[in-house]
Amino acid sequence: MTPTSVPARPSGVSAYLNEWVRSPRADLLSGVLVALALIPEAIAFSIIAGVPPQVGLYASFIIAMVIAFVGGRPAMISAATGAMALLMTGLVKDHGLEYLFAATVLTGVLQVFFGWARLARYLKFVPRPVMTGFVNALAILIFLAQLPQVVGAGWPTYAMVAAGLAIIYLLPRVTRAVPSALVAILVLSAVSILTGVDVRTVRDMGVLPTALPPFHLPAVPLTLETLDIVFPVALTLTLVGLLESLLTAQLIDEKTDTTSDKNAESRGQGIANIVTGLFGGMAGCAMIGQSMINVTGGGRGRLSTFVAGAVLLLLILVLQDLLVQIPMAALVAVMIMVSLSTFDWKSLRAMATHPRGESVVMVATVAATVLTHDLSKGVLTGVVLSALFFARKVSQLSGVTAEDAPDGTRTYRVTGQLFFVSTHDVLHRFDFTPPPTRVVIDVHGAHFWDSSAVTALDQVLRRYRAQVTPVELIGLNGASGALFDQVIR
């Protein structure tokens, strides 16, 4: 191999198989840890959506196992999520569980279409400050979600949470053979069982299912009225689910220094939601908290995602008697660790050096997400603010200078990018009183992007002509000229 040659990367079937076997030991251990962390979340999200606990649990293990095969981002965990659960409450309350299953299946169909249409490429329109705000907001929401389990719970719970955090952060200094978070759960569970200390356990979260979910077509009438009920909910679930999944995939890409197929992930999310809707589950998407647990624990391949779903199923159906004895304090400690590791602490220091507009965008994204508990509203707020700041900045780069010749000709040189934001200031740079003998408008250094800019230029030309002042336009480039002909002539 020559010094400049690069080893060929596996492709096709070979690459896919490599995503299953790249780190089997780490994938197995991290998958077990994720399965334990999924249980209280799935139950809690079921409560938020107003459905029985088994609906969230069925969704979690089905989505995780299906997405392991068909997803585009290895090691990312998808299951029932709070962001999706919040969107279901009205549908469940007004129309019942069967309509939720129908909306879940339709959500999957729409997500498959989005992936087929390759719409994931529009993720590039989400600026970096919005991504940072998205991550920081999720970290804050993960932390806040743990408070109900801790506030007013008593000193045994506080002691267990502190002990769990101590194990999580100190054990890696001794050994990294086993994920420290998994050790913390096992140790605290043993202490809770042996001492009989009075703390909340998984049993207190709700009744767990005892059988596999049966295949079940949603029992709703196949009418336009039904479609009118479920389509708006399904479309919202589609957009929020894909947004959260693709942004989480981007974050995992950066954390693992790898790339992933976002369109395949969109299709995979859709297939997983179709399957879960046909087996009594609610719609889900990627979970940043559990994905971070997986990656932090060493998970890198599809096996870790599959193991998370399979072990969750095993725990529910076979080891339920042990599972329900896990203290919630142990799981709270794990999630606090996840929130602390997810938050981009460097972004706080960067606020002093980065452009003020970017810092405002990041803070606004965090604030909107945390206040509404809706990731889509937070990201939309950040994207809109970024667009406004960018438009304002670009508009400041345009200008008009005037030069008078001895023969009475005045030449205006227009430069910069002209569009709806910059046209107002440019228009007022032209002097119409008193009118010069002759006017030349030189736009060699300018580009016209929209009808607002072209219309503003046409107004200048018309005003000089109304004063019977000879006016000549020179330097209009091809694209700007074509736009001018399309809008004006």
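Only this structure's heavy atoms are used, side chains among them; waters, hydrogens and symmetry mates stay out.
In this structure the side chain of Leu237 reaches within 4.5 angstrom of the side chain of Met88, judged on heavy atoms. In this structure the side chain of Val361 never reaches within 4.5 angstrom of the side chain of Pro127, judged on heavy atoms.
For Tyr99, the ring pair (Phe, Tyr, Trp, His ring centres under 6.0 Å) test picks out His95, with sequence neighbours left out.
Arg200 and Gln149 share a side-chain donor-acceptor pair at under 3.5 Å. At a cut-off of 3.5 Å, with distance as the only test, no side-chain donor of Asn273 or Thr104 sits close to an acceptor on the other residue. Using a 3.5 Å distance cut-off with no hydrogens or angles, the side chains of Ser189 and Ser192 do not pair a donor with an acceptor. With hydrogens and angles left out, the side-chain atoms of Gln269 and Ser78 include a donor and acceptor closer than 3.5 Å.
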Walk me through it: do Leu182 and Val334 pass the test side-chain contact (heavy atoms from CB on, under 4.5 Å)? CA-CA 9 Å; Leu182 179 58; Val334 173; over 6 Å; no

Steps toward side-chain contact (heavy atoms from CB on, under 4.5 Å) verdict (Ser386, Val130): CA-CA 8 Å; Ser386 293; Val130 178; 3.8 Å; yes

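Residue pairs that meet the salt bridge (Lys or Arg N to Asp or Glu O under 4.0 Å) test with at least one member in residues 58-75, sequence neighbours left out, are Arg73-Asp253.
Taking the six-membered ring where tryptophan is involved, the planes of Phe215 and Phe279 are perpendicular, since the angle between them exceeds 60° and thus also 30°.
With a 6.0 Å radius and a threshold of 12 heavy atoms from other residues, nucleotides or ligands, Trp449 has its CH2 atom at or below the threshold. More than 12 heavy atoms of other residues, nucleotides or ligands shown are found within 6.0 angstrom of OH on Tyr158. Crowding of Leu224 atom CG: a count of heavy atoms from other residues, nucleotides or ligands under 6.0 Å not exceeding 12.
The shortest heavy-atom contact between Thr305 and Met76 is OG1-O, 3.2 Å.
Ionic pairing of Glu358 and Lys393 is not present here: no N-O contact between side-chain nitrogen and carboxylate oxygen is shorter than 4.0 angstrom.
Between Phe143 and Phe343, the distance separating the two ring centers is not shorter than 6.0 angstrom.
Once rounded to the nearest 0.5 Å, the distance linking CG of Leu314 with CD of Gln320 reads 11.5 Å.
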